[in-house]
Novice: 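My structure is below; once you've seen it, I'll send some questions.
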Amino acid sequence: MLLRILHRTRYRYHGSIDLAQHMVHLCPLSTPHQRVLENELRIDPMPAARSQTTDVFGNQRTFFSLQATHSVLTVEADSLVETSAHQPLPQAPPWRGMTWERVREHFRYRANAPFDPASEFMFASPYVPRDDAFAAFARPAFKPGLPALAAAQALMELIHTELTYETASTEVNTPALEALEQGKGVCQDFAHIMLGCLRTLGLPARYVSGYLLTRPAPGKVRLIGADASHAWVSVYVPVVSESDDNDGDEDAPTGAWFDFDPTNNRCGWGSPGEDYVTLATGRDFGDVSPMRGVIQSGAEHTLQVAVTVAPPDELKALETQASGPKA
């Protein structure tokens with residue numbers, strides 16, 4: 001599926017900003033499940049300095065600094081991405097035989113065991129602590145002997161069923177435990193809660209930020225800027241041999257990441273669906289915030305974010321219509 005994403009962020013400051021430094025994650029990832037064909041980042045006013053690097057998680061990030069006085073900052077990312085057809089969760093070996101208890105045991109510390117990079121996603125992170133409250137909530141989904149993928153899917157369905165999606169019910173910095181306690185939140189909260197459950201039970205999982213193609217309601221037209229960023233979870237399942245007692249001589253095991261979206265109750269291998277676009281991955285939202293920074297001023301600000309995800313032809317027609325002659 002070919003998708004074009006417009007992501008515009010605009011800060012209007014109630015005063016003048018003399019100096020600012022910002023970091024953005026607005027370039028989608030190129031993965032085996034999607035190809036980034038185009039990505040352009042437009043910044044107004046023009047930055048005094050700008051650079052692009054790869055962070056520790058493999059995401060593309062852009063740093064820029066503004067050294068001229070300004071009262072408005074606009075950052076717009078324009079991306080064209082080709083996604084692959086949806087791949088459902090595998091049901092055949094070796095994944096079928098990997099119970100969640102076996103995955104947990106694989107990641108228990110053992111002296112001289114080969115390093116598995118996925119173990120970095122087992123620990124607490126700023127937004128997602130490891131807490132018994134998560135284990136208690138997740139316990140109905142993790143039945144003894146259940147394959148890890150089936151358990152993760154059951155947890156996804158539990159969150160989708162038991163929690164209420166409610167816009168503006170939380171803030172961007174709401175801790176996962178608080179969202180779980182109140183029983184409602186948005187996609188970021190659902191993802192953080194699922195991460196807390198998985199990590200507390202000893203399974204590696206990472207936060208995924210991205211986009212989802214949304215369709216307007218019947219009888220309604222698509223509007224530019226009416227979409228939003230999205231978030232979901234990836235769970236890692238290793239391929240482990242029967243002799244994986246790790247005597248220290250074998251190579252590090254291999255495995256795969258599988259994606260689960262508790263907000264929409266969808267899952268798949270590498271992506272919950274071909275209508276999803278992966279932007280960045282990390283331990284939680286704090287690692288992959290679309291835009292953050294520091295400013296030299298005491299001015300307050302108003303933030304506007306507009307996201308549009310659509311097939312290129314459809315989006316081009318909308319842009320043409322929006323820029324047409326006014327009566």
Novice: Between Leu303 and Thr9, is a side-chain contact (heavy atoms from CB on, under 4.5 Å) present by the stated rule, with each step listed?
Specialist: CA-CA 7 Å; Leu303 172 63; Thr9 305; 3.6 Å; yes

Novice: Hey, could you give me the CZ/CZ distance between Arg8 and Arg42, rounded to the nearest 0.5 Å?
Specialist: 8.0 Å

Novice: Grouping I, L, V, M, F, W and Y whenever their side-chain heavy atoms are under 4.5 Å apart, do Leu195 and Ile193 come out in a common cluster?
Specialist: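 In one cluster: yes.
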
Novice: Do Leu198 and Phe142 have side-chain heavy atoms sitting under 4.5 Å apart?
Specialist: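 Heavy-atom side-chain distance check passes, below 4.5 Å.
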
Novice: Would you name the heavy atoms of Phe137 and Cys197 that are closest together and state the gap between them?
Specialist: CD2-SG, 3.9 Å

Novice: A side-chain contact here means heavy atoms from C-beta on lying under 4.5 Å apart; do Pro126 and Phe285 qualify?
Specialist: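 Pro126 vs Phe285: side chains apart.
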
Novice: Kindly write out the residues that satisfy ring pair (Phe, Tyr, Trp, His ring centres under 6.0 Å) with Phe258, not counting sequence neighbours, or none if the list is empty.
Specialist: Trp95, Trp269

Novice: Indicate, with yes or no, if Leu155 and Phe260 share a hydrophobic cluster defined by side-chain heavy-atom contacts under 4.5 Å among Ile, Leu, Val, Met, Phe, Trp and Tyr.
Specialist: yes

Novice: Kindly state each residue pair satisfying side-chain hydrogen bond (donor to acceptor under 3.5 Å, both in side chains) with at least one member in residues 139-160, sequence neighbours excluded.
Specialist: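 side-chain hydrogen bond (donor to acceptor under 3.5 Å, both in side chains) check on residues 139-160 returns no pairs.
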
Novice: Cut-off 3.5 Å, no hydrogens considered: what does the side-chain donor-acceptor table look like for residues 80-87, sequence neighbours left out?
Specialist:
residue	atom	partner	partner atom	Å
Glu82	OE1	Arg35	NE	3.1
Glu82	OE1	Arg35	NH2	2.6
Thr83	OG1	Met1	O	3.3
Thr83	OG1	Glu274	O	2.5
Ser84	OG	His33	O	3.2
His86	NE2	Cys267	O	2.9
His86	NE2	Pro272	O	3.3

Novice: With sequence neighbours excluded, tell me which residues meet side-chain contact (heavy atoms from CB on, under 4.5 Å) with Ala68.
Specialist: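 Checked Ala68 against side-chain contact (heavy atoms from CB on, under 4.5 Å); zero matches.
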
Novice: Quick check: do Gln60 and Leu41 have side-chain heavy atoms less than 4.5 Å from each other?
Specialist: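 Result no, sub-4.5 Å side-chain heavy-atom pair not found.
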
Novice: Minimum heavy-atom separation for Ser234 to Val208, with atom names?
Specialist: OG-CG2, 3.5 Å

Novice: Looking only at heavy atoms, what is the nearest atom pair of Ala310 and Leu315, with distance?
Specialist: CB-CB, 4.2 Å

Novice: Does Val277 belong to the same Ile/Leu/Val/Met/Phe/Trp/Tyr cluster as Met291, with side-chain heavy atoms less than 4.5 Å apart forming each link?
Specialist: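 Linked within one cluster.
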
Novice: Does one side chain, of Glu38 or Ser79, offer a donor that lies under 3.5 Å from an acceptor on the other?
Specialist: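 Ser79 and Glu38 do not have a side-chain donor-acceptor pair below 3.5 Å.
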
Novice: Side chains of Arg266 and Leu212: does their closest heavy-atom pair fall under 4.5 Å?
Specialist: yes

Novice: The criterion is side-chain hydrogen bond (donor to acceptor under 3.5 Å, both in side chains); which residues satisfy it with Arg10, sequence neighbours excluded?
Specialist: Thr74

Novice: Is there a donor-acceptor contact under 3.5 Å from the side chain of Arg130 to the main chain of Met122?
Specialist: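 Confirmed, Arg130 side chain pairs with Met122 backbone.
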
Novice: For the hydrophobic clusters of this structure (ILVMFWY residues joined by side-chain heavy atoms under 4.5 Å, transitively), does one cluster hold both Met98 and Val235?
Specialist: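 Same hydrophobic cluster.
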
Novice: Mind checking what makes side-chain hydrogen bond (donor to acceptor under 3.5 Å, both in side chains) contact with Trp100, not counting sequence neighbours?
Specialist: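 Checked Trp100 against side-chain hydrogen bond (donor to acceptor under 3.5 Å, both in side chains); zero matches.
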
Novice: So, Asn59 side chain and Thr281 main chain: donor-acceptor pair closer than 3.5 Å or not?
Specialist: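 Judged by distance alone, yes, a pair lies under 3.5 Å.
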
Novice: For Asn264, what residues pass the side-chain hydrogen bond (donor to acceptor under 3.5 Å, both in side chains) criterion, not counting sequence neighbours?
Specialist: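 Asn264 satisfies side-chain hydrogen bond (donor to acceptor under 3.5 Å, both in side chains) with His230, Asp261 once adjacent residues are dropped.
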
Novice: Anything under 3.5 Å between a donor and an acceptor, one on a side chain of residues 144-152, the other on a protein residue two or more places apart or in another chain? List them.
Specialist:
none

Novice: So do the side chains of Leu279 and Ile5 get within less than 4.5 Å of each other, counting heavy atoms only?
Specialist: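 Side-chain contact under 4.5 Å: no.
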
Novice: Do you know the tightest heavy-atom contact between Pro45 and Leu73?
Specialist: CD-CD1, 4.1 Å

Novice: Does this structure show an ion pair linking Glu101 with Arg104, if we count only N-O contacts that are shorter than 4.0 Å?
Specialist: no

Novice: Mind checking what makes side-chain hydrogen bond (donor to acceptor under 3.5 Å, both in side chains) contact with Thr214, not counting sequence neighbours?
Specialist: Asp227

Novice: Which residue pairs satisfy the side-chain hydrogen bond (donor to acceptor under 3.5 Å, both in side chains) criterion with at least one member in residues 164-182, sequence neighbours excluded?
Specialist: Thr170-Asp189

Novice: Does a side-chain heavy-atom distance below 4.5 Å link Phe57 with Phe121?
Specialist: yes

Novice: Return the OH to NE2 distance between Tyr13 and His70, rounded to the nearest 0.5 Å.
Specialist: 5.0 Å

Novice: Check the hydrophobic clustering (I, L, V, M, F, W, Y; side-chain heavy atoms under 4.5 Å; chains of links allowed) and say if Val172 and Val288 are grouped together.
Specialist: yes

Novice: If we only count heavy atoms from C-beta on, is the Val237 to Pro94 side-chain gap below 4.5 Å?
Specialist: no

Novice: Determine whether a donor-acceptor pair (N or O, by modelled atom type, separation under 3.5 Å) exists between the side chain of Gln34 and the backbone of Leu29.
Specialist: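 Yes, the answer is positive, given that a donor and an acceptor are paired below the 3.5 Å cut-off.
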
Novice: To the closest 0.5 Å, what do you measure between CD1 (Ile159) and CG (Asn265)?
Specialist: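 So the gap between those two atoms works out to 10.0 Å.
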
Novice: So do the side chains of Val103 and Pro238 get within less than 4.5 Å of each other, counting heavy atoms only?
Specialist: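 Contact flag for Val103/Pro238 side chains = yes.
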
Novice: Show the nearest heavy-atom pair for residues Pro129 and Ala124, with the distance to one decimal.
Specialist: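 The pair with the smallest heavy-atom distance is CA-CB, 3.9 Å.
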
Novice: At what distance, to the nearest 0.5 angstrom, does CG of Leu37 lie from CZ of Arg4?
Specialist: 12.5 Å

Novice: Is the backbone of Gly255 close enough, under 3.5 Å, to the side chain of Tyr236 for a donor and an acceptor to pair up by distance?
Specialist: yes

Novice: How far apart are the closest heavy atoms of Ala231 and Cys187, and which atoms are they?
Specialist: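 Here Ala231 and Cys187 meet closest at N-SG, 3.7 Å.
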
Novice: With side-chain hydrogen bond (donor to acceptor under 3.5 Å, both in side chains) as the rule and sequence neighbours excluded, what pairs involving residues 199-211 come up?
Specialist: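 side-chain hydrogen bond (donor to acceptor under 3.5 Å, both in side chains) check on residues 199-211 returns His7-Tyr211, Ser125-Arg199.
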
Novice: Supply the atom-to-atom distance Leu66 CG to Ile43 CD1, rounded to the nearest 0.5 angstrom.
Specialist: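 The CG atom of Leu66 sits 7.5 Å away from the CD1 atom of Ile43.
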
Novice: Give the table of side-chain donor-acceptor pairs shorter than 3.5 Å for residues 14-28, with sequence neighbours excluded, one pair per line with atom names and distance.
Specialist:
residue	atom	partner	partner atom	Å
His14	NE2	Thr302	OG1	3.1
His25	ND1	Ser289	O	3.4
His25	NE2	Asp55	OD2	3.2

Novice: Atom CG in Asp259, atom CG in Leu89: separation rounded to 0.5 Å?
Specialist: 9.5 Å

Novice: Under the criterion salt bridge (Lys or Arg N to Asp or Glu O under 4.0 Å), I'd like the reasoning laid out for Glu105 against Arg108: C-alpha separation, chi angles, the key distance, then a yes or no.
Specialist: CA-CA 5 Å; Glu105 291 304 313; Arg108 286 191 188 277; 2.7 Å; yes

